[in-house]
Amino acid sequence: MQLRLDFRGTFELSDFFEAYYDCRKHKRKTANALKFELNYESELIQLWKEINEGSYQIGRSIAFIVDKPVKREIFAANFRDRVVHHLIINKLNDLFEKEFIYDSYSCRVGKGTLFGIKRLNRFIRACSENYTRDTYILKLDIKGFFMSINREILYKRLENFILSNYTGQDRDLLIWLVQMVVMNDCTEGCYVKSPASRWEGLPPDKSLFHQNKRGLPIGNLTSQIFANFYMSHFDHFMKSTLGLKYYGRYVDDFYVVHPDKQFLKNLIPVIDAFLKNELGLKLHPLKQQIQHFEKGIKFTGAFLLPNRLYVHRRTKGNFYQLIDKWNTVIKKRPGKDVLSGQEIQQIQASVNSYLGYMLHYKTYKLRKRMLYRMSTRFDRYMHPAKQYTKLKLVGK
């Protein structure tokens with residue numbers, strides 16, 4: 001596909017400053033961000049000129065493997081390219097919100113995993129008439145979702161969407177920029193940070209190195225939002241065409257709640273055909289589940305039973321591993337002041353993120369047990385707040 005260069009209009013310089021401030025909120029301590037920040041005004045002006053002139057080129061990505069919550073391949077974009085990603089999303093996000101159905105929960109303000117869990121819980125209660133009649137939950141997953149997204153289909157849908165909905169004078173330039181980001185092959189010239197051995201055991205359908213004109217890099221803001229846009233076509237099919245009242249989706253994990261088990265069984269091939277024909281996606285053959293509500297259902301890190309919500313065991317297991325890792329670190333260091341200020345902040349932030357998530361469930365005993373698992377050598381640095389809701393730094 002040839003990149004279009006027949007654009008008109010220009011971006012305002014203020015757009016780049018806004019995108020930069022949004023971008024640096026969560027990436028300020030990275031080496032790329034710090035380097036950019038040293039001369040951020042001149043860097044932004046240069047980026048603004050390159051894009052308005054059509055000379056902008058996407059930089060090298062950094063490829064590496066992470067293990068939590070599951071093993072994944074990540075491509076981290078250069079910081080200046082991340083600014084461009086924020087620029088694009090700032091231009092389009094309000095329009096996307098009008099396009100998305102109410103019950104898609106990924107990367108949306110005021111929504112997310114907890115919102116999705118509560119909606120599923122509400123749907124089960126409504127469909128079962130407060131747990132008094134049989135109700136079943138069909139839960140499905142897409143195989144290798146991010147790696148299977150057809151970039152040409154995605155770009156064409158984005159182009160048509162922008163032409164139909166975006167009225168800014170910089171529309172042509174925005175389309176060109178979206179095309180560059182979507183069609184970019186981040187594997188070309190990338191810097192591979194993790195050793196080759198880290199890719200062992202990662203299936204080919206979960207790596208961009210094994211795709212051809214398919215796949216979006218996990219880790220980029222545009223990938224998350226564009227993936228949601230890609231699936232919005234499917235969402236409208238489920239809600240409007242099929243008329244499914246109790247449907248919701250988080251990324252590629254989606255469900256349908258219905259009182260008729262056979263209806264849900266018959267729905268699977270219909271869904272599979274639509275995904276295959278319209279979006280080039282496949283249902284995961286090993287992640288297809290129809291469950292009676294009384295037996296419970298797992299969704300986005302929680303396990304739902306009638307009138308009860310539990311933190312899923314994988315979340316608890318990851319929390320245990322986190323604490324054990326830091327216990328090992330502090331145990332190997334002799335003396336008193338053995339943790340740096342950065343390490344103390346890192347421990348506090350990571351533990352508090354788990355505690356904050358658990359506050360939405362009945363987890364008092366679990367939170368207490370987790371914090372008592374921490375080595376007493378941490379006591380000189382931090383201590384649990386009342387009710388074990390968070391870790392507070394000593395003297396704060």
**Request:** Look at the aromatic rings of F274 and F234 and report parallel, tilted or perpendicular, splitting at 30° and 60°.
**Result:**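 Correct class here is tilted.
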Run the salt bridge (Lys or Arg N to Asp or Glu O under 4.0 Å) test against [X] and tell me which residues pass, sequence neighbours left out.
{"X": "K139", "value": "D253"}
{"X": "R122", "value": "none"}
{"X": "R214", "value": "none"}
{"X": "R119", "value": "D103"}

Is there a donor-acceptor contact under 3.5 Å linking the side chains of [X] and [Y]?
{"X": "Y320", "Y": "R369", "answer": "yes"}
{"X": "T132", "Y": "N130", "answer": "no"}
{"X": "N228", "Y": "Y250", "answer": "no"}
{"X": "Q346", "Y": "Q342", "answer": "no"}

Give a yes or no answer on whether the side chain of [X] reaches the backbone of [Y] with a donor-acceptor pair at less than 3.5 Å.
{"X": "D235", "Y": "F100", "result": "no"}
{"X": "E97", "Y": "N93", "result": "no"}
{"X": "R171", "Y": "N165", "result": "no"}
{"X": "S164", "Y": "N160", "result": "yes"}
{"X": "E343", "Y": "S340", "result": "yes"}
{"X": "N39", "Y": "S42", "result": "no"}
{"X": "R72", "Y": "I218", "result": "no"}
{"X": "T363", "Y": "M358", "result": "yes"}
{"X": "S353", "Y": "S350", "result": "yes"}
{"X": "Q211", "Y": "P204", "result": "yes"}

Please tabulate, for the side chains in residues 189-198, all donor-acceptor contacts under 3.5 angstrom to protein atoms that are two or more places apart in sequence or on a different chain.
| residue | atom | partner | partner atom | Å |
| --- | --- | --- | --- | --- |
| S194 | OG | I65 | N | 3.0 |
| R198 | NH1 | D67 | OD2 | 3.4 |
| R198 | NH2 | I65 | O | 3.3 |
| R198 | NH2 | D67 | OD2 | 3.1 |

Report, as yes or no, whether the 6.0 Å neighbourhood of atom [atom1] on [X] holds more than 12 heavy atoms from other residues, nucleotides or ligands.
{"X": "K325", "atom1": "NZ", "value": "yes"}
{"X": "Y21", "atom1": "OH", "value": "yes"}
{"X": "K239", "atom1": "NZ", "value": "yes"}
{"X": "R133", "atom1": "CZ", "value": "yes"}
{"X": "K143", "atom1": "NZ", "value": "no"}
{"X": "K111", "atom1": "NZ", "value": "yes"}

**Prompt:** Step by step, would you call I347 with M374 a side-chain contact (heavy atoms from CB on, under 4.5 Å)?
**Reply:** CA-CA 11 Å; I347 295 166; M374 295 184 69; 4.3 Å; yes
Please report whether the ring centroid of [Y] lies less than 6.0 Å from that of [X].
{"X": "Y357", "Y": "Y361", "result": "yes"}
{"X": "Y136", "Y": "F263", "result": "no"}
{"X": "F161", "Y": "F96", "result": "yes"}

Nearest 0.5 Å, what's the [atom1]-[atom2] distance between [X] and [Y]?
{"X": "L87", "Y": "D170", "atom1": "CG", "atom2": "CG", "answer": "8.5 Å"}
{"X": "Q288", "Y": "I271", "atom1": "CD", "atom2": "CD1", "answer": "9.0 Å"}
{"X": "T187", "Y": "H210", "atom1": "OG1", "atom2": "NE2", "answer": "10.5 Å"}
{"X": "H292", "Y": "D134", "atom1": "NE2", "atom2": "CG", "answer": "3.5 Å"}
{"X": "L359", "Y": "Y354", "atom1": "CG", "atom2": "OH", "answer": "15.0 Å"}

**Message:** Checking W199 now: which residues fulfil side-chain hydrogen bond (donor to acceptor under 3.5 Å, both in side chains) with it, not counting sequence neighbours?
**Reply:**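 Partners of W199 under the side-chain hydrogen bond (donor to acceptor under 3.5 Å, both in side chains) test: E73.
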Can you list the residues that meet the side-chain contact (heavy atoms from CB on, under 4.5 Å) rule with [X], with sequence neighbours excluded?
{"X": "A126", "result": "Y246"}
{"X": "H86", "result": "A19, D22, C23, L221"}
{"X": "N184", "result": "I58, C186"}

**Prompt:** Would you call K91-E18 a salt bridge at under 4.0 Å N-O?
**Reply:**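 No.
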**Message:** Taking the basic N atoms (NZ, or NE/NH1/NH2) and the acidic carboxylate oxygens, is any pair closer than 4.0 Å for K71 and E200?
**Reply:**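 Here K71 does not pair with E200 in a salt bridge, since their nearest N and O are not under 4.0 Å apart.
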Do [X] and [Y] touch side chain to side chain, with heavy atoms closer than 4.5 Å?
{"X": "I290", "Y": "I137", "result": "no"}
{"X": "C127", "Y": "P259", "result": "yes"}
{"X": "I330", "Y": "Y381", "result": "yes"}

**Item:** Residue pairs involving residues 255-270 (criterion side chain to side chain donor-acceptor pair (under 3.5 Å); sequence neighbours excluded)
**Value:**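 Non-adjacent pairs meeting side chain to side chain donor-acceptor pair (under 3.5 Å): Y105-Y255, Q262-N266.
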If you look only at distance, which donor and acceptor atoms sit under 3.5 Å apart when one is on a side chain in residues 297-310 and the other is two or more places apart or in another chain?
| residue | atom | partner | partner atom | Å |
| --- | --- | --- | --- | --- |
| N307 | OD1 | R125 | NH1 | 3.0 |
| R308 | NE | P306 | O | 3.4 |

**Request:** For Y102, enumerate each residue passing the ring pair (Phe, Tyr, Trp, His ring centres under 6.0 Å) test, keeping only those at least two apart in sequence or located in another chain.
**Result:**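 Ring pair (Phe, Tyr, Trp, His ring centres under 6.0 Å) check on Y102 returns F115.
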